[in-house]
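First the proteins, then the strands, lettered A, B, ... as listed; each starts at 1. Only this structure's heavy atoms are used, side chains among them; waters, hydrogens and symmetry mates stay out.
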There are 2 protein chains.
Amino acid sequence: MRYSIDHKSPIPLHAQAETLLRQLIAEEEYQNGKIMPNEIELAKMLAISRSTLRQAINKLVFEGLLVRKKRMGTKVAQAGVSSKSNNWLSFSQEMKLRGITIRNFELHVTWAMPNAEVTRFFEIKPDKQVLKMERVRGKTDEPFVYFASYFHPRVGLTGDEDFKRPLYELLEHEHSVIATLSKEEISAMAADKFIADKLRVPIGSPILFRKRFVFDQGERPIEFNIGYYKADSFVYTVESTR
Amino acid sequence: MRYSIDHKSPIPLHAQAETLLRQLIAEEEYQNGKIMPNEIELAKMLAISRSTLRQAINKLVFEGLLVRKKRMGTKVAQAGVSSKSNNWLSFSQEMKLRGITIRNFELHVTWAMPNAEVTRFFEIKPDKQVLKMERVRGKTDEPFVYFASYFHPRVGLTGDEDFKRPLYELLEHEHSVIATLSKEEISAMAADKFIADKLRVPIGSPILFRKRFVFDQGERPIEFNIGYYKADSFVYTVESTR
DNA sequence: ATAGTTAATATGTATGTACATAATCACTTT
DNA sequence: AAAGTGATTATGTACATACATATTAACTAT
C-alpha cells in the first residue's frame, strides 16, 4: 500500500491521517472530482477507527478543502479559493512604491524586558530580555510613524546589525530566518502623550494603530511589531476574494 | 438552569451546544478571560456526551473564538471584534459569530446623485442616480459604526428590498449578483460633525475609516461602501503569507 | 530557600458501537 | 412512460469508555 500510518509514532493518528489525506487531495484524479474512498473503507485501509479518521476529514472540511455529501461521498472542493498573495513588502519598499522617500528620525536598539503581550506571543519567561528596536520614520520634513519591534531570542540578533538595511533581507541573509506569515490587527486610537511627542501631533489626535505578529516557516513567532501612524499619512489596503 | 438543550428537537445536539457556547462567549465574564466550565461538567450540565460537546467546541476553536490549553481549560480568544479578510462574511454574520447582537439605529435607503469617487468607480455618468443605503449599527446600547453603501444600477435594486437581511445573501438570491472580490482601504481620521453626531462621540475623536470596493465575478463594480468605526470598537485583522 | 517529586486536573487521543438520514438506484405499479 | 416504493449506501449524530499528556499546585527532601 502506498499510504500508511505508524501506530507507534508520537504523532497523533488523526494528524497522520490528515497529512495522508492532503496527499490524496493533491492527486490529480481527486482534483478532477473523483470521490475519495468512503470513511469505513479508508479507516480499514489505514487501520484506524472511523472516528479518528473523521477527526482528520473534519479539519479539512472546515478548511474548505473537502466537501462531504450524504450518500454521495467525499470529494475535493472545487473552488480555487485563495485570497492571499498579498503584498509582502518591507515598509521602505511600500513607501517607495508610493514615491515617498523615507527618513529615519530616530533609531534605537536596546535590550528590554518584554511586556505581557510579547511574552505570550513569544512563549518565553517574563524575565527573559529581548531585543527591541524603535524607530520614527517619515517624509523628509515630518515624521509620520512610530514603530516598535521585538525580536524572538531564537532569531539570534545581537543588536549590532545594520538596521538601516531592509529588515526582512537582514533576517534572511544574516540569520537565515524567513518570515512567511504575518497576522495583523488594525484599529484606530487617540494619541497619548508618548505618541503625540514622537509624531509631533497634539495629544488626542487620531492614530492608525497596527499590530503585526510575524512567523517563520515553522509557524514559530519571530517578530512582534507595533506601529502608530499619523492619520492621513497611511492607508492600509487589502484585496480579498472568495 | 439558564441554558439547556432539547433532546427531542430535530436540531442536532452538537449544533444546539454550539449556539449555547456562542451565548456563553458573548457574556462579559468570559470575554474578560474567565475560563469556561470544563468539558466533563459542561457535558453533564447540558446532558450530552463529552464527544458531542467537543464537536461543538472544536468548531468554535477552529473559528478562532475559543482557545484550549491542556489542564488550563478553555476560554474566549482575546482579539476583540474583528474581521478576517479571508472569510467572506457579512457584517452581521461576523458579529453573530462573536455572539454580539447588532441593532440598526438608523436605516435609510434613498436615490442619490453619486459623488465623484462613485461615478469613477462605477463608470457611470454623474447625473445617473444610484441607490444609496445608510445605516448606523452597533450593540444594543451604543452605535459604533456608520455605513454608507452605493449600489451599481446594474444590480437592479429598487429600494424596496428588505435590507435587514444579510446583504450578500440578498444580492445573491434576489438579484443573482455574486460578490467575489473586494478591495479595501483602511485609514484613521478624526470625527467631523456629521460622524460625531451619528456615533455619539465628540468631534475630533479617532475613527477607523474603511472604504470597500466590491466586484462581481466578472470584476464589474457592484458596490461602494464606506464605514466609519468608533475607535476601540473594531479591529481589522489580516493574515498574509508569502 | 531551592530543587525535585508527586498528585490533581482538564484537555487530547482513540476506539467501538448503534442508529438516523439523505440521496440514489433498481424495481414495481399504474 | 410516469410515478411511486423500497433497498442500498455513505455520511451524520450520539454515546460510553479508556488511557495519554501537559501543566500547575502542593508537597518533600536537600
Inset, instruction - Run the ring-centre check on F224(A) versus F122(A) and record whether the distance is less than 6.0 Å. - result: no
Inset, instruction - Between K69(A) and S51(A), just flag the one whose closest nucleotide in DNA chain D comes earlier from the 5' side. - result: K69(A)
N/O contacts under 3.5 Å, protein versus nucleotides 6-8 of chain C?
none

Legend entry - Separation of L199(B) CG from E142(B) CD (nearest 0.5 Å): 10.0 Å
Inset, instruction - Please determine if K44(B) and E39(B) form a salt bridge, counting it only when a charged side-chain N lies under 4.0 Å from a carboxylate O. - result: no
Legend entry - Euclidean distance, atom CZ of residue R54(B) to atom P of dT13(C) [Å, nearest integer]: 7 Å
Inset, instruction - Considering only heavy atoms of chain A and a distance under 4.0 Å, specify the first and last nucleotide of DNA chain D in 5' to 3' order that meet this criterion. - result: dT8(D) to dT13(D)
Legend entry - Check: F121(A) ring centre within less than 6.0 Å of Y150(A) ring centre: no
Legend entry - Inter-residue atom distance E184(A).CD - N225(A).CG, 0.5 Å rounding: 8.5 Å
Legend entry - Nearest-nucleotide comparison on DNA chain C, the residue closer to the 5′ end among K70(A) and I48(A): I48(A)
Inset, instruction - Look up atom OG1 in T158(A) and atom CG in L131(A), then write down how far apart they are to the nearest 0.5 Å. - result: 7.5 Å
Inset, instruction - Figure out the CE/C1' separation between M72(B) and dG12(C), and round it to whole Å. - result: 16 Å
Inset, instruction - For the residue pair R68(A) and N58(A), confirm or rule out a side-chain donor-acceptor distance under 3.5 Å. - result: yes
Legend entry - Euclidean distance, atom CG of residue L13(B) to atom P of dT21(C) [Å, nearest integer]: 12 Å
Inset, instruction - Determine the contact category for I40(B): base if any of its heavy atoms lies under 4.0 Å from a base atom, sugar-phosphate if only primed atoms, P, OP1 or OP2 are that close, otherwise nothing. - result: base
Inset, instruction - Answer yes or no: is there a donor N or O on one side and an acceptor on the other, between the side chain of R154(B) and the main chain of P221(B), under 3.5 Å? - result: yes
Legend entry - Bend angle of the helix from dA1(C)-dT30(D) to dT30(C)-dA1(D), end axes from five pairs each (to 10°): 0°
Legend entry - Any T52(A) side-chain nitrogen or oxygen under 4.0 Å from OP1 or OP2 of dA14(C): no
